[in-house]
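Written out below as structure tokens is the structure these notes cover.
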Amino acid sequence: MSANLLLPGKLDLDALLRALVLDGRLDEEHSQQARGKVRPGKAHPLQRLASLELPDKAHSGKKLTLPALTQWLAGHLDMPYEHIDPLKVDVARITGIMSYEFARRYHLLPLNVTDDTVVIATSEPLLTGWEDAIEQVSRRRISKVVASPEDIDRFALEFYSLSRSVSGATGRKNTQGLGNFEQLIELGKLKTPEANDEHIVNIVDWLFQYAFEQRASDIHMEPRREFSHIRFRIDGVLHDVYQLPIQVGQAVLSRIKILGRMNVAEKRKPQDGRVKTKSPDGQEIELRLSTLPTAFGEKMVMRIFDPDVLLKNFVDLGLQDEDLANWQSMIQHPNGIILVTGPTGSGKTTTLYSTLKSLATSEVNVCTIEDPIEMVEPAFNQMQVQSNIDLHFADGVRALMRQDPDIIMIGEIRDLETAQMAVQAALTGHLVLSTVHTNDAPTAITRLLDLGVPSYLIKATVLGAMAQRLVRTLCPHCKEKVPASDDLWQQLVQPWNARRPQHFYRAVGCLECRNTGYRGRTGLYESFRMSEDLAGLVTDQCDPQKFRTLAIKQGMLSLRLSGARKVAAGQTTPEEVFRVTPEVRF
């Protein structure tokens, strides 16, 4: 190592170039070219070097990007490198370690605080003179790590701005962040801020933008005795994000209710609303709001709808081979009922919307009745259930029947009246798509029988059903091959005989996937089309197990087998498939 080239103090561009050459990361020719190209400026030397996109001599075909340069610097100085994951940072604690002005002056950002240690990220690892002050004030030992100057600048501004907004909203002056939350939350001493308070507006804006950046599908605001707990659902898993003082949380919730045109004064009954906003890149995004009264106040869940969902084709959703053929065959029928089943959050709505989008040509009239309308789409005629004025699913379908529809989508069949209207619509020449809540595809038929639909009407109208689940997909940048376990493979594919792949892949974690090992989700499916033999089993005493066995004999593949194919293709792990799919029974 050539640490002597990097002298104490702020990093010097020339010294960095000499060290890169000596460590074999840059050749002399490109080093000389860089000296001529780099212009003086306030940007960090590593950022200025990264902007030149110099070739990495040690890794053919790759560039010296900012993350690569930062990792090199950490290794060169024999210091730990840290990629800042904002979801793992306790903003309330770290902003109490030092002021924003101090952090900016020395290019620092605290990342983790324990009883005896504080981990501090720095982009100027050779800059000294601050350690003693922080150790004395915090009464903790300092552990330094090297992090990207871009990340430090960005997250320092974000974290301290949020801290100031929360402090301002509570009426407390706190120049060093939130300090000790236990001291801050003294109920009765803190004022309750107004929903339109400048600080509350800033917190709400931060909450939305942060959720979009983290690829969250849902934002949960959950009241506790002294805190309002914020969590994000990312790739189907909830992550803790922040704890707001309870008064601030209430004001934030009121602000969001105002944006969603909900009744701010009503806190005893559940409410629904919608908000339209924009992502950091300017893309319009819609959120569906839902409140629920709990023991400590109103809980709110905000579902974030990806505007790109309607642009996805069936293969992008995860449909393959037999299931894709079944689905495309069913939706080409001019009339009949097609059912999609699965638990909440399994992607049923996405499948239905993508299907309707593909069918909604200028020659057909597509109408929907939903509770609530998930995404507003100009190609559909969408109606929302209004229980307060007795407009239910059945009433909506009855009204839609007089609107000359070709295709009708019913949000959910949950009672006999709605099921009867769906059957009537199918019998009179309409294609009806809907959802029911069952664990697999065959029990969708049993569900209709349980609701009271006569078996002869089910035989005459139902075209088929499809069950689905969402499984997390492995990050392509860091997944690792592992020997395939024969025992796990047999659990996935039984009772079929499927050839075991040579390798499985496991989740590792990297910068691209925020160290989770997974990035995004894909669908697992099982589907069947109603055949004459299957219709013969649909009686008032229909045995769901016999129906399922015959459907499998006729080609239906289980959810687990669908998952096994994704495991063999290296898209996910056996553990993920077991997590979301039911056991195959015969």
Side-chain angles (χ1 to χ4, degrees), residues 1-20 22-23 38 40-50 66-67 69-86 88-164 167 173-180:
M1 289 296 176
S2 310
N4 61 319
L5 294 180
L6 301 179
L7 301 175
K10 285 198 170 185
L11 293 172
D12 176 69
L13 191 66
D14 283 336
L16 285 171
L17 286 169
R18 289 197 301 272
L20 281 165
L22 203 60
D23 283 355
V38 174
K42 293 183 179 180
H44 192 280
L46 290 182
Q47 290 175 290
R48 289 153 63 196
L49 282 176
L66 185 57
L69 286 167
T70 309
Q71 289 184 59
W72 162 80
L73 178 63
H76 185 83
L77 298 175
D78 199 22
M79 292 177 63
Y81 166 79
E82 183 77 23
H83 171 69
I84 300 175
D85 183 354
K88 295 180 180 178
V89 176
D90 187 341
V91 178
R93 294 196 73 183
I94 66 101
T95 50
I97 294 296
M98 64 182 72
S99 68
Y100 175 62
E101 289 73 19
F102 189 93
R104 187 173 61 175
R105 186 189 315 149
Y106 290 101
H107 306 276
L108 308 172
L109 181 64
L111 297 182
N112 187 32
V113 183
T114 63
D115 291 338
D116 56 359
T117 307
V118 53
V119 177
I120 298 180
T122 175
S123 59
E124 291 284 357
L126 299 176
L127 195 61
T128 58
W130 56 269
E131 294 96 333
D132 291 342
I134 296 302
E135 284 186 343
Q136 186 174 0
V137 170
S138 67
R139 297 180 181 178
R140 292 175 174 88
R141 182 175 54 83
I142 288 175
S143 174
K144 286 199 298 185
V145 297
V146 178
S148 161
E150 187 175 77
D151 286 349
I152 287 177
D153 291 346
R154 173 192 165 195
F155 290 122
L157 179 62
E158 208 171 278
F159 294 161
Y160 282 95
S161 295
L162 175 63
S163 173
R164 279 195 295 268
S167 298
K173 292 183 179 179
N174 186 0
T175 58
Q176 292 191 344
L178 295 182
N180 189 322

Can you tell me how far apart [atom1] ([X]) and [atom2] ([Y]) are? Round to the nearest 0.5 Å.
X      : Y      : atom1 : atom2 : answer
Leu157 : Asp153 : CG    : CG    : 9.0 Å
Ile84  : Leu109 : CD1   : CG    : 5.0 Å
Thr122 : His107 : OG1   : NE2   : 8.0 Å
Asp115 : Arg141 : CG    : CZ    : 12.5 Å
Ser123 : His44  : OG    : NE2   : 4.0 Å
Leu162 : Thr95  : CG    : OG1   : 8.0 Å

Quiz item: Cut-off 3.5 Å, side chains only: do Thr114 and Asn112 have a donor facing an acceptor?
Solution: no
For [X] versus [Y], what's the shortest heavy-atom pair and its separation?
X      : Y      : result
Glu124 : Gly9   : OE1-O, 4.2 Å
Leu69  : Leu46  : CD1-O, 3.6 Å
Pro45  : Leu11  : CG-O, 3.5 Å
Arg48  : Ala43  : CD-O, 3.2 Å
Ala50  : Leu66  : CB-N, 3.6 Å
Tyr106 : Gly129 : OH-O, 4.3 Å

Quiz prompt | Tyr100 and Tyr160 aromatic ring geometry - parallel, tilted or perpendicular at 30°/60° bounds | solution =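 Judged by the thresholds at 30° and 60°, the geometry between Tyr160 and Tyr100 is tilted.
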Quiz item: Considering the options Thr128, Ile134, Asp132, which one meets the side-chain contact (heavy atoms from CB on, under 4.5 Å) requirement together with Trp130?
Solution: Ile134
Exercise. Check the pair Gln71, His83 against side chain to side chain contact (heavy atoms under 4.5 Å, CB included), reporting the backbone distance first and the verdict last.
Key: CA-CA 9 Å; Gln71 289 184 59; His83 171 69; over 6 Å; no
Exercise. Please assess Leu49 against Leu13 for the test side chain to side chain contact (heavy atoms under 4.5 Å, CB included), listing each intermediate value before the final yes or no.
Key: CA-CA 8 Å; Leu49 282 176; Leu13 191 66; 3.5 Å; yes
Quiz prompt | Side-chain donor/acceptor of Glu82 to backbone N/O of Pro80, under 3.5 Å | solution =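 It does not hold such a pair.
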Less than 4.5 Å apart, any side-chain heavy atom of [X] and any of [Y]?
X      : Y      : result
Pro125 : Lys144 : no
Val91  : Pro86  : no
Met79  : Leu73  : no
Leu108 : Ile152 : no

Quiz item: How far apart are the C-alpha atoms of Val145 and Tyr81, what are their side-chain angles, what is the distance that settles it, and do they pass the side chain to side chain contact (heavy atoms under 4.5 Å, CB included) test?
Solution: CA-CA 6 Å; Val145 297; Tyr81 166 79; over 6 Å; no
Exercise. Under the side-chain contact (heavy atoms from CB on, under 4.5 Å) rule, collect the residues that match up with Arg140, sequence neighbours excluded.
Key: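 Here the qualifying residues are Arg93, Ile97, Val113, Val118, Ser138.
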Quiz item: Taking only residues two or more places apart in sequence or in another chain, which ones pass ring-ring contact (aromatic ring centres under 6.0 Å, His included) with Phe155?
Solution: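 Listed in chain order: Phe159.
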Self-check item: Val119 and Ile142: CA distance, side-chain angles, deciding distance, side chain to side chain contact (heavy atoms under 4.5 Å, CB included) verdict
Solution: CA-CA 6 Å; Val119 177; Ile142 288 175; over 6 Å; no
